[in-house]
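This structure is a prediction, so every number in the text was calculated from the model and none was measured.
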Amino acid sequence: MEVAEEIQVSEGQIAVHWREEEYFYPPATFISQANAADPAIFERFSEEHFPECFKEYADLLDWDAYWHTTLDTSNPPFWKWFVGGRLNACFNCVDRHLATSHDKAAFIWVPEPEDQETKAITYQELYRRVNEFAALLRDFGGVKAGDRVTFHLPMVPELPVAMLACARLGVIHSEVFGGFSGAACGGRIADSESRILVTMDSYYREGKLLDHKVKADEALAVAHDRGFDVEKVLVWRRHPGQYSSETPMVDGRDFFVDELMDDYREKLVEPVSMPAEAPLFLMYTSGTTGQPKGCQHSTGGYLSYVAGTSKYYQDIHPEDTYWCFADIGWITGHSYIVYGPLALGTTSVMYEGVPTYPDPGRPWRIAERLGVNIFHTAPTTIRMLRKVGPDEPAKYDYRFKHMTTVGEPIEPDVWRWYHEAVGKGEAVIVDTWWQTENGGFLGSTLPALQPMKPGSCGPGVLGIYPVIYDEQGEVVEAGSGRAGNICIRNPWPGIFQGIWGQDERFVQTYYEKYCRNKESKDWRDWPYFAGDGAVQAADGYFRILGRVDDVINVAGHRLGTKELESATITVDEIAEAAAVPVIDEIRGRAVEMYVALKPGVDANSDIEQKVQKAIETEIGKIARPKNVWIVPDMPKTRSGKIMRRVIAGISNFADVGDITTLANPEIVDEIREHVQSEKVARGETPRELSPEEMEEIKAFGRAE
Ligand code: PRX
């Protein structure tokens with residue numbers, strides 16, 4: 001009964017009223033060179049040609065053995081793509097380009113300090129380095145196909161080298177974003193049972209050389225507590241030969257890669273021919289409950305999908321200089337810095353540091369100097385660069401033919417600045433909607449063939465057939481003005497194969513809600529539930545409204561409320577904690593944490609510091625809350641559930657909705673008074689919220 005009371009509105013019933021935006025059209029200069037410029041492509045990828053249409057993507061790769069079954073649906077929803085096919089991902093990204101492009105840069109790496117040398121790594125050099133590290137992993141690390149290796153590496157060339165070395169051996173890599181804490185890394189090591197951790201002593205961030213090796217020791221301790229011991233820690237040095245960490249090396253466990261490497265110089269390793277369905281990597285992401293989920297991506301399906309979408313949606317040609325300004329520690333970097341661009345044999349730029357270091361002109365200087373013509377980043381970066389340097393792009397002589405936005409909804413106003421100022425009114429923009437689970441894009445415009453609409457990602461991409469369902473599973477029609485849950489009706493090659501070691505959670509999280517018949521072997525009965533709210537306009541374009549589960553998207557990164565709350569209650573004095581999103585001018589959303597103290601504990605400012613520290617330790621700096629509010633009690637239902645939407649409303653100066661079902665409604669005014677007066681004093685009153693933002697806040701916490 002309580003639950004029913006809490007579900008005030010379903011997504012399907014929410015009416016969303018935003019202004020329809022105008023279309024923007026690609027310039028003729030773009031269309032004339034685009035990889036996909038003939039509308040016949042839509043017919044080739046129509047539902048009638050599914051799943052065979054994806055042969056076009058798979059044919060971008062070199063296969064050791066061709067597949068006999070394009071899509072095997074015999075064990076839903078564990079789809080298998082290109083069954084019977086064999087290939088090696090590293091061979092496809094490196095070896096096969098040597099004949100034509102050995103002296104071309106595969107990566108151009110830009111260190112953060114501007115006085116350090118930018119390094120071009122040719123395909124030949126990448127080949128050499130990948131082979132040497134693969135030999136080291138195999139002969140010194142003792143790993144073989146199917147084993148897992150965890151990396152905790154920053155944005156340095158050693159990261160793609162390590163990924164490709166694993167791929168060469170058929171070893172499953174699991175990169176943990178460098179900014180995550182040692183504890184977060186340790187949890188992922190234990191979950192994936194990686195006997196080897198590859199890390200680096202230090203890296204540059206905002207002008208400082210950060211000690212990173214310290215996190216390896218924390219990670220191993222946490223993994224040990226969970227019953228798993230790492231055997232070897234391979235430590236790269238940011239400045240070879242010079243150790244830049246305060247943390248001692250542990251004898252017999254920690255090894256400097258540059259020292260070990262002497263034994264592996266010029267060694268070559270045969271690429272291991274892997275089944276298309278062999279896992280290529282794990283990428284952990286947050287969900288509604290508990291520990292992060294290890295999304296398992298395949299070799300053949302994944303690589304085909306990122307190659308195909310890089311070609312048609314990123315419009316990558318081998319002669320382009322492409323810069324995706326993401327971190328390889330996230331799925332965007334895996335798919336669209338490493339695997340997609342390299343599969344197509346292009347030059348991919350990697351930048352170590354923050355966009356605004358040492359000044360907001362930095363990205364545009366890099367673009368000018370390297371001749372970048374395709375640029376890819378997230379709304380958070382765009383907002384930040386706009387705020388601190390709106391006139392900077394005009395000062396530099398670069399020309400982008402194409403730009404991408406990814407990871408969060410982009411406000412139309414921010415989109416227009418991106419188009420006008422960064423793209424100089426010439427670049428096409430693709431707003432690509434997708435997720436860690438998906439391998440590659442799900443929603444976007446095909447840049448030469450479909451006009452852009454600010455704030456909307458566009459229709460489903462080639463071979464992806466999205467639909468919006470309401471809570472009851474009824475289709476919410478395009479143009480109805482109603483929001484609902486966006487789902488994908490069909491499987492696609494880039495879809496993850498499952499959650500590492502948690503088959504049931506996989507089925508339950510992504511398929512249970514809208515599965516029509518659990519016995520069915522027909523993919524049509526198994527729509528994929530993406531966990532995002534969306535609206536489809538009459539023209540078929542989707543506008544993504546944000547997560548419908550308890551995930552907060554901070555600067556394009558997913559943070560689970562449960563993870564934040566578990567980290568917070570590690571602080572002794574705290575009895576209860578609740579995390580809510582607050583609209584943030586730069587990061588899209590920020591986290592605010594509400595805490596109630598144990599009886600007899602005095603509220604003091606130490607608590608806030610302790611909470612910040614606990615979150616930094618358990619998750620990482622990116623998760624630090626904007627504010628920590630100590631409250632006398634949480635607003636709760638009569639069954640004792642915390643009503644997150646009520647405190648989310650308070651934090652955002654928005655309507656808190658119906659509070660008649662609360663057991664303690666009087667607490668609402670008390671909390672509001674305290675929080676909002678403090679926010680006013682700190683100058684944190686938000687701008688007026690859009691209708692979508694208001695709906696999001698109102699709906700927060702509904703997933704429970
Ligand atoms: O809510 C959607 C949002 O980011 C979520 C996926 O986050 P993650 O797995 O970290 O992957 C980010 C990069 C692919 C989605 O569920 N999201 C992603 N792209 C967009 C977006 N929201 C709006 N517009 C987008 N283009």
Side-chain angles (χ1 to χ4, degrees), residues 21-45 56-57 60 306-326 332 335-337 340-341 343-349 363-364 366-368 370-379 381-382 393-394 396-406 410 412 414-434 440-441 443-462 539-541:
E21 297 288 333
E22 278 170 29
Y23 289 126
F24 285 68
Y25 293 88
T29 46
F30 179 82
I31 298 172
S32 65
Q33 60 81 63
N35 281 328
D38 178 355
I41 199 165
F42 295 120
E43 171 58 20
R44 297 205 298 278
F45 281 86
E56 185 163 336
Y57 283 4
L60 295 172
V306 296
T309 49
S310 292
K311 179 166 179 178
Y312 292 141
Y313 286 91
Q314 295 296 290
D315 199 51
I316 290 177
H317 299 62
E319 57 277 14
D320 287 323
T321 299
Y322 166 85
W323 183 14
C324 172
F325 202 155
T332 301
S335 300
Y336 297 112
I337 298 179
L344 298 180
T346 196
T347 298
S348 181
V349 175
W364 323 127
I366 293 173
E368 177 186 81
L370 303 181
V372 172
N373 66 339
I374 307 180
F375 185 70
H376 185 153
T377 195
T381 308
I382 304 168
Y396 296 91
D397 184 19
Y398 66 82
R399 289 183 76 153
F400 295 153
K401 68 166 183 177
H402 179 294
M403 305 193 302
T404 302
T405 166
V406 63
I410 184 165
V414 177
W415 190 100
R416 281 188 284 269
W417 181 79
Y418 194 34
H419 184 255
E420 206 37 54
V422 179
K424 306 190 172 176
E426 288 177 350
V428 295
I429 296 181
V430 290
D431 179 345
T432 58
W433 166 69
W434 60 297
F441 307 144
S444 170
T445 49
L446 199 49
L449 293 170
Q450 292 165 323
M452 308 158 243
K453 192 161 77 173
S456 297
C457 65
V461 300
L462 296 168
D539 60 8
Y541 281 32

Identify whether the distance between the nearest side-chain nitrogen and carboxylate oxygen of Arg416 and Glu21 falls below 4.0 Å. yes

Can you tell if the side chain of [X] reaches within under 4.5 Å of the side chain of [Y], non-hydrogen atoms only?
| X | Y | answer |
| --- | --- | --- |
| Leu370 | Trp323 | no |
| Gln314 | Asp320 | no |
| Thr347 | Pro341 | no |
| Phe441 | Tyr312 | no |
| Pro393 | Trp417 | yes |
| Val461 | Trp434 | no |
| Lys401 | Ile374 | yes |
| Glu426 | Arg399 | yes |

Would you name the heavy atoms of [X] and [Y] that are closest together and state the gap between them?
| X | Y | answer |
| --- | --- | --- |
| Thr332 | His376 | CG2-NE2, 3.8 Å |
| Leu344 | Ser310 | CD1-CB, 3.6 Å |
| Cys324 | Ile337 | O-CD1, 3.4 Å |
| His317 | Asn35 | NE2-OD1, 3.2 Å |
| Tyr313 | Pro447 | O-CG, 3.7 Å |
| Pro459 | Thr445 | CD-CG2, 4.2 Å |

Among Thr404, Thr432, Thr309, whose side-chain hydrogen bond (donor to acceptor under 3.5 Å, both in side chains) with Tyr336 holds?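 Exactly one option meets the side-chain hydrogen bond (donor to acceptor under 3.5 Å, both in side chains) with Tyr336, and it is Thr309.
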
Can you tell me how far [atom2] of [Y] sits from [atom1] of [X], rounded to the nearest 0.5 angstrom?
| X | Y | atom1 | atom2 | answer |
| --- | --- | --- | --- | --- |
| Ile410 | Asp431 | CD1 | CG | 6.5 Å |
| Glu319 | Thr346 | CD | OG1 | 7.5 Å |
| Asp397 | Lys424 | CG | NZ | 6.5 Å |
| Trp415 | Lys453 | CH2 | NZ | 12.0 Å |
| Thr381 | Phe375 | OG1 | CZ | 7.5 Å |
| Leu462 | Leu449 | CG | CG | 9.0 Å |

List for me each residue that meets ring-ring contact (aromatic ring centres under 6.0 Å, His included) alongside Tyr398, sequence neighbours excluded, and say none if there are none. Trp364, Phe400

Candidate pair Leu446 and Phe42, rule side-chain contact (heavy atoms from CB on, under 4.5 Å), full reasoning: CA-CA 10 Å; Leu446 199 49; Phe42 295 120; 3.8 Å; yes

Check the angle between the aromatic planes of Phe45 and Tyr57 and answer parallel, tilted or perpendicular using the 30° and 60° thresholds. tilted

Listed partners of Glu43 passing side chain to side chain contact (heavy atoms under 4.5 Å, CB included), at least two apart: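 For Glu43 the side chain to side chain contact (heavy atoms under 4.5 Å, CB included) partners, ignoring immediate neighbours, are Ser46, Glu48, His49.
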
Can a donor-acceptor pair be found, under 3.5 Å and without considering hydrogens, that links the side chain of His402 to the backbone of Val430? no

